[in-house]
Amino acid sequence: MTSTPRTDDRGDLIVDWYDRAARDLPWRRPGVDAWAVLVSEVMLQQTPVARVEPVWREWLARWPSPAALAAASPADVIRAWGKLGYPRRALRLREAAAVVAAEHGDVVPDDVAVLESLPGIGTYTARAVACFGYGQRQPVVDTNVRRVVARMVHGRAEAAPARATDLLDIAALAPADHDRAVRFSVAVMELGALLCVAGTPRCGACPVRDRCAWRLAGSPAYDGPARKVQKFAGTDRQVRGRLLDVLRAATAPVEQDQLDRVWDDAVQRSRCLDSLLADRLVDQTPDGRFTLPT
DNA sequence: TACTCGTGGAT
DNA sequence: TATCCAAGAGT
């Protein structure tokens, strides 16, 4: 006997869970404008919430509009970025702010395609700004969402690499109601961040634990190809970090030999300094010393 | 597509 | 102590 398929209400269960369990993060509070949301999203790219919070507050107090940030020097922006990591994000955010100030009347665009055209704003961040900053119904897919969908929908233990169909997967689960659909986008991320985590998921507290394809399949272990672990010790990233650390702390241009002390391998050291110069994270004075770009 | 790009807390 | 991994983007 066939029956009319009941619409999938897992989206509503996740939104209800979010309403009672979500963290009180400053960029989610009422009255936070799209610029503040944009800054938070760029800072949160690959960087944990706990480290972003204090820096985000400082940035918004210091540069409350795109034009304000665009007027700052790269050196000030790099220093204010502190130790969030991946400092190229700070330069791109400043560049994006300059485009917004010059071409969009200092108002953060609300169109996903326009947002995606800005430096440092990709598929995820563009939709996050449109959804969280402007209240649009938009599918928003980050690593948390891919993991939740992999388990809840596809019955797999781990997230697959990002693909275009991710947006369709998650859009299909969103509640019909507009306001709830908007909240759903952040709610799935929160579920992945708090319960459906990469390590040991807390399925006992999950609002869809009885409707999760992965659990229903017996929580099978990951059986895909071995994922390559990201090394850090000894990499160019570590060397670049050390070089930049010296320049962030310096109050005046530093000599070459001061940079030479941070790493023994001269070939690698030179390569990294060159790459920092190419990235415009470091500048050289006419007399051959090194500084953050002024 | 696969790789690169920081940092530091959690496990 | 070593490994994992965190609201991605650019090339």
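First the proteins, then the strands, lettered A, B, ... as listed; each starts at 1.
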Are the side chain of A:Arg211 and the backbone N or O of A:Asp8 linked by a donor-acceptor pair below 3.5 Å?
no

Sole residue of A:Asp12, A:Asp16, A:Leu191 in side-chain contact (heavy atoms from CB on, under 4.5 Å) with A:Pro207
A:Leu191

What's the gap between B:dG8 and C:dA9 when it is taken at their P atoms, as a whole Å value?
23 Å

Would you kindly give the CG-to-P distance between A:Asp279 and C:dG10, to the nearest whole Å?
13 Å

Could you verify whether a donor N or O on one side chain and an acceptor N or O on the other, from A:Tyr124 and A:Gln45, lie under 3.5 Å apart?
no

Please tell me if A:Arg146 has a side-chain N or O lying less than 4.0 Å from either OP1 or OP2 of C:dA6.
no

Please figure out whether A:Gln230 or A:Ala162 has its closest DNA chain B nucleotide nearer the 5' end.
A:Ala162

For A:Asp24, the side chain to side chain donor-acceptor pair (under 3.5 Å) test, sequence neighbours excluded, returns A:Arg29

Selection from C:dA6, B:dC5, C:dA9 that lies nearest to any side-chain heavy atom of A:Thr143:
C:dA6

With sugar-phosphate meaning primed atoms plus P, OP1 and OP2, does A:Arg127 contact a base, only sugar-phosphate, or nothing at under 4.0 Å between heavy atoms?
nothing

Rounding to a whole Å, what distance do you find between A:Asp236:CG and B:dT7:C1'?
16 Å

Rounded to the Å, how far apart are A:Leu84 CG and B:dG9 P?
13 Å

How is A:Pro87 classified with respect to the nucleic acid when contacts are heavy atoms under 4.0 Å: base, sugar-phosphate, or nothing?
sugar-phosphate

A:Arg28 side chain: which of B:dG6, C:dA7, B:dT7 is closest?
C:dA7

Flag for A:Arg89-A:Thr47: side-chain donor and acceptor within less than 3.5 Å
yes

Is the distance from OP1 or OP2 of B:dT7 to the nearest side-chain N or O of A:Arg248 less than 4.0 Å?
yes

Following the transitive rule for hydrophobic clusters with a side-chain heavy-atom cut-off under 4.5 Å over Ile, Leu, Val, Met, Phe, Trp and Tyr, establish whether A:Leu13 and A:Met189 coincide in one cluster.
yes

How far does the P atom of B:dT4 sit from the matching atom of C:dA7, given to the nearest Å?
22 Å

Would you kindly give the CD-to-C1' distance between A:Gln268 and B:dT4, to the nearest whole Å?
14 Å

Atom CG of A:Leu281 and atom P of B:dT7 are separated, to the nearest Å, by 11 Å

What nucleotide, of B:dT7, C:dA7, C:dA9, holds the atom closest to the side chain of A:Ala193?
C:dA7

Heavy atoms under 4.0 Å, any strand shown: does A:Ala128 hit a base, just sugar-phosphate, or nothing?
nothing

Could you tell me whether A:Thr123 contacts a base, only the sugar-phosphate backbone, or nothing, with contacts defined as non-hydrogen atoms closer than 4.0 Å?
sugar-phosphate

Which part of the nucleic acid does A:Thr125 contact within heavy-atom distance under 4.0 Å: base, sugar-phosphate only, or nothing?
sugar-phosphate

Would a line drawn from the ring center of A:Trp59 to the ring center of A:Trp81 be shorter than 6.0 Å?
yes

Between P on C:dA9 and CG on A:Leu93, what's the gap in Å once rounded to a whole number?
13 Å

Look at all strands and tell whether A:Leu25 reaches a base, only sugar-phosphate, or nothing, counting heavy atoms closer than 4.0 Å.
base

Identify, residue by residue, the members of residues 32-51 of chain A with a heavy atom below 4.0 Å from DNA chain B, and return them in order of residue number, or none.
A:Gln46, A:Thr47, A:Arg51

Here the distance between atom C1' of C:dA7 and atom CG of A:Leu195, to the nearest Å, is 16 Å

Are there runs of at least three consecutive Watson-Crick or G-U pairs touching DNA chain C, with each pair's two distances under 3.5 angstrom? Give them by first number.
B:2-5 with C:8-11, B:7-11 with C:2-6

Between the side chains of A:Gln268 and A:Asp236, is a donor N or O closer than 3.5 angstrom to an acceptor N or O?
yes

The nucleotide from C:dT3, C:dA7, B:dT7 with an atom nearest the side chain of A:Lys231 is C:dT3

Does a side-chain N-to-carboxylate-O contact under 4.0 Å join A:Asp169 and A:Arg146?
no

How close do A:Val140 and A:Arg127 get, heavy atom to heavy atom, and via which atoms?
CG2-O, 3.7 Å

Mind checking A:Trp27 for me? I need base, sugar-phosphate or nothing, with any heavy atom below 4.0 Å counting as a touch.
base

Whichever of A:Asn144 and A:Gly120 has its nearest DNA chain C nucleotide further upstream toward 5':
A:Asn144

Before accepting this row, confirm whether a basic side-chain N of the pair A:Asp264/A:Arg269 lies closer than 4.0 Å to the acidic partner's carboxylate O.
no

Here's a test of your reading of the structure: between A:Gly122 and A:Val229, which maps to the more 5' nucleotide of DNA chain C?
A:Val229

Could you give the CH2-to-C1' distance, from A:Trp56 to C:dA7, as a whole number of Å?
14 Å

